[in-house]
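Here the structure comes first, spelled out in structure tokens, and everything after it is commentary.
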Amino acid sequence: MVKERTHTCGALRAAHIGQTVIVQGWASAVRDRGGVTFIVLRDRHGTVQVTCDERAPDSERETAKKIRQEYVVQVTGIVAARQDSAVKKDMETGEIEVIPTDVEILSGTRPLPFTISDDTDAGEDTRLKHRYLDLRRPVLQKNIIARHKAAQAARRFMDDQDFLEIETPCLTRATPEGARDYLVPSRVHPGQFYALPQSPQIFKQILMVAGMDRYFQICRCFRDEDLRADRQPEFTQIDVEMSFAPRDMVMRIGTGLAAAMWKKVTGVDIGDVSTMTWHESMDRFGVDAPDLRFGMELVDLKPVLGDSTFPPIANAIEAGGILKGFRVAGAVSDSSRKVLDGWTTFVRQYGMGGLLWGKVQDDRSITGPLGKAAGEAAEAVLTALSAEPGDVLAVGAGDYDSTNAGLGRLRVHIANARDLIPENTFKFCWVVDFPLFEKIEGGWTPMHHPFTAPKPEHMEWLGTDKMGDILSDAYDLVCNGSEIGGGSIRIHREDVQHKVFEALGIEEEEQQEKFGFLLDALAHGAPPHGGFAFGFDRCVGIMTNSKSLRDVIAFPKTTSAQDLMSRAPGPVDAHELAELKIASTVTADA
RNA sequence: GGGGUGGUAGUUAAGUUGGUUAUAACGCCGGCCUGUCACGCCGGAGGCCGCGGGUUCGAGUCCCGUCCAUCCCGCCA
């Protein structure tokens, strides 16, 4: 019979000695020494040792011998001091043990597929299939608790700032751009589909038009794209929008929200968050989400090497490309040919033709491809990169996108490999002034989304050949090289929204078909507004130092978007499909 | 869609140039042990070597395909 517990397993201390207590939990270890049996009981609050020796009734000692790992056990007993030699200082309840008067097995278990332990060696698929066991591991319990705390801190902060928590629909309308939608067929309207929201973007803007003034929501978003360690098909955003707010006011709320969550979960004050422009980030770090925890910044080498006749450089410059590099301090001694070839292979993934690496020798000469390329300019290259003997230099030449991407990622790759990134450090920055559009084949596409406002002074360039130079009041909050949130000041005028759609090549008919309700709303007294969304899973992942988002989501999906526990997605009965007027083109055995 | 890595006992792994009965640890089952805390000791059970083809006298091992997991590229307004 289950009773009301008096304490959780982790709560008992020396102060409880002599008290009769009732504790319940899972047997995380059973050590039967013959005459005495030790049971370690675990719940989400901690563990406590139950000691069944001559002080316990024989019947209960017999019961204890039957307990196996992960049995669910209820123990009534008396808290006793451990004998001096048995005190465990590294265990929170290590000064005491419970001497049972009653031991009851509440539930048994089949043999376990893997050991419930932080350092379990089971593979991801085994753990995901038995997620209820995986989630018993203390590290995952800690992550889930951290997630809860972050959510509570976010709600408290937003409420304090007078934001209203408002829900938006999950069954909504497909929008034409962006990620692939998850679709839900309509039974009532055969042949028509709802889409699950990729984000509540349009709804939150309409809430501003509706006069809600300040809105937030912790909401689920869905994108049917290929997955990564930091990407799940359904993920959680803290979605925020506010009216009558200039950019800096919105960013201040964003900083405050991050600060509230980080303080609550990690105890760290994130302090003032610096700001840099998108162009500056690309120049110095090669990426739009700079990791500021370490140096090795990229340096423009055009001034010193731009005239080189070395073919890779000359060709890149000729084609209007860029030439830059960075310094890896003291790396010569442990940069074998294999390591350097590895760097080259690494940057090729991002479209770079190769890597011009160079080793700075004791006589300040440069050996390796970069030495050949530099020739007489070697000393100038060393000066530009602040390099010293013993350094390895990594230089790339080529088009803007792939060279920045390759070098920017290589910088992080090397820092990781060389253990140059300090642990338990959080370096935030806002990246601002993103280009409004980026070039794609056959035209332009919004860098953020099509509702982002151009900077007023660039408005007149819409539709001209200066499209690529138009900047927006968009901003990303970056932590440790990850984009954890982003947003923008929105377009609040119908005519401007039309112009942007036009510049993107979206025909009037399509505008009305897809966004008519937003355009209508903007035409009925829309306040200036802006907002942002935080990637909640990523925030928790960074706060808990998790390698994968799967470790901060209770029931995550695999990289092929399956839930190995519930085995979703799965087939449905033919009559269900018939009711929805849907036929599959996939045959049963495919 | 493309590339890398992996798939052998419940779990994690080893398995030689293709060659007898496929190893080990942990877990499981049985026994012993009164201060263990990764408890220890003795014994035992446990295998469609991911799946499907092929080569071969013979395949865990070689070849082709396929599925799954994971990491990355593309993709993710």
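Because only heavy atoms are used, hydrogens play no part in the values below, and waters and symmetry mates are left out as well, while side chains stay in. In this text the structure is predicted, and so the values were computed from the model without any measurement. Order of the sequence lines fixes the chain letters, A, B, ..., with proteins taken first and strands second; residue numbering starts at 1 for each chain.
- Within a 6.0 Å sphere centred on CD of A/E508, other residues, nucleotides and ligands contribute more than 12 heavy atoms.
- Here A/K88 reaches the OP1 or OP2 of B/rA38: one of its side-chain N or O atoms lies under 4.0 Å away.
- Of the candidate nucleotides B/rC72, B/rU11, B/rU34, B/rU11 has the atom lying nearest to any side-chain atom of A/A122.
- Taking only distance into account, the side chain of A/R223 never meets the base of B/rC75 through a donor-acceptor pair shorter than 3.5 Å.
- The aromatic rings of A/F203 and A/F517 lie tilted to each other, with the angle between the two planes from 30° to 60°.
- One interatomic measurement links the two molecules: CE of A/M447 to P of B/rC75, which rounds to 12 Å at whole-angstrom precision.
- Ion pair A/K455/A/D433 flagged as a salt bridge, since at least one NZ, NE, NH1 or NH2 atom sits closer than 4.0 Å to an Asp/Glu carboxylate oxygen.
- One can place CZ of A/F346 at 15 Å from P of B/rC71, the figure rounded to the nearest angstrom.
- For B/rC73, one of the phosphate oxygens OP1 or OP2 lies less than 4.0 angstrom from a side-chain nitrogen or oxygen of A/R409.
- Salt-bridge check for A/R42 with A/E70: passed, with a basic side-chain N closer than 4.0 Å to an acidic carboxylate O.
- The separation between A/Q232 atom CD and B/rC75 atom C1' is 16 Å, rounded to whole Å.
- Ring-plane geometry between A/Y132 and A/H130 is classed as perpendicular, the angle between the planes exceeding 60 degrees on a 0 to 90 degree scale with a lower cut at 30.
- Within 4.0 Å of A/R127, counting heavy atoms only, lies no atom of the nucleic acid at all.
- Distance, A/I39 CD1 to B/rG35 P: 16 Å, rounded to whole Å.
- Both distances falling under 3.5 Å, in either a Watson-Crick or a G-U wobble arrangement, place B/rA24 opposite B/rU12.
- Remark: A/T559 is in phosphate contact with B/rU70, judged by side-chain N or O atoms under 4.0 Å from OP1 or OP2.
- Within the 4.5 Å cutoff, the side chain of A/K204 has no heavy atoms near those of the A/H529 side chain.
- The aromatic rings of A/F434 and A/W278 lie tilted to each other, with the angle between the two planes from 30° to 60°.
- Considering only side-chain N and O atoms, A/R550 lies under 4.0 angstrom from the phosphate OP1 or OP2 of B/rC71.
- When Watson-Crick and G-U wobble pairs are counted only if both distances are under 3.5 Å, B/rA38 pairs with no nucleotide at all.
- Each of A/V36 and A/A29 has a nearest nucleotide on RNA chain B; the 5'-most of these lies closest to A/V36.
- When side chains are defined from C-beta on, A/F437 counts as touching A/V500, because their heavy atoms get closer than 4.5 Å.
- Closest to the side chain of A/D226, out of B/rU11, B/rU34, B/rC75, is B/rC75.
- Remark: ring of A/F38 overlaps the six-membered base ring of B/rU36 in a stacked fashion, centroids less than 5.5 Å apart, planes less than 30° apart.
- At a threshold of 4.0 angstrom between heavy atoms, the contacts of A/D224 with the nucleic acid are absent.
- Nearest nucleotide to the side chain of A/E225, out of B/rC73, B/rC71, B/rC75: B/rC75.
- Counting non-hydrogen atoms under 4.0 angstrom, A/T126 reaches the backbone sugars and phosphates but no base.
- Comparing A/F114 and A/Q349 against RNA chain B, the residue whose closest nucleotide sits nearer the 5' end is A/F114.
- Taking atom C1' in both B/rU34 and B/rG40, one finds a spacing of 14 Å when rounded to whole Å.
- Look at the P atom in both B/rG3 and B/rA9: the space between them is 28 Å, to the nearest Å.
- Electrostatic pairing of A/E97 and A/K88 does not count as a salt bridge here, judged by no charged N lying under 4.0 Å from a carboxylate O.
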A/V36 and A/T51: CA distance, side-chain angles, deciding distance, side-chain contact (heavy atoms from CB on, under 4.5 Å) verdict: CA-CA 7 Å; A/V36 58; A/T51 302; 3.8 Å; yes
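- The listed nucleotides are B/rC71, B/rA69, B/rG35; the one nearest the side chain of A/S560 is B/rA69.
- Following rounding to the nearest Å, A/I99 (CD1) and B/rG35 (P) show an atom-to-atom distance of 14 Å.
- Among the atoms of the strands shown, none is found under 4.0 Å from any heavy atom of A/R348.
- Atom CG in A/D32 sits about 12 Å away from atom C1' in B/rG40, given to the nearest Å.
- Rounding to whole angstrom units, NE2 of residue A/H449 and C1' of B/rC76 are separated by 15 Å.
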Identify all pairs in which a protein N or O lies below 3.5 Å from an N or O of nucleotides 26-29 of chain B, and state each distance.
| from | atom 1 | to | atom 2 | distance (Å) |
| --- | --- | --- | --- | --- |
| B/rC29 | OP1 | A/R68 | NE | 3.4 |
| B/rC29 | OP2 | A/R68 | NE | 3.3 |

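- Closest to the side chain of A/Y350, out of B/rG35, B/rC73, B/rU70, is B/rC73.
- At the phosphate of B/rU36, neither OP1 nor OP2 sits under 4.0 Å from any side-chain N or O atom of A/R31.
- Counting any heavy atom pair closer than 4.0 Å across all strands shown, A/F451 reaches no nucleic acid atom.
- For B/rG35, its base sits under 3.5 Å from the side chain of A/E97 at one donor and acceptor pair at least.
- In this structure, OH of A/Y182 is placed 13 Å from C1' of B/rC75, rounded to the nearest angstrom.
- Backbone-only contact: A/Q562 has heavy atoms under 4.0 Å from sugar-phosphate atoms and none from a base.
- Using N1 to N3 plus N6-O4 or O6-N4 for Watson-Crick, or N1-O2 and O6-N3 for G-U wobble, each under 3.5 Å, B/rG43 pairs with B/rC29.
- Residue A/R228 has its side chain nearest to B/rG74 when only B/rC37, B/rA69, B/rG74 are considered.
- When heavy atoms are screened at a 4.0 angstrom cut-off, A/A86 is found touching base atoms of the nucleic acid.
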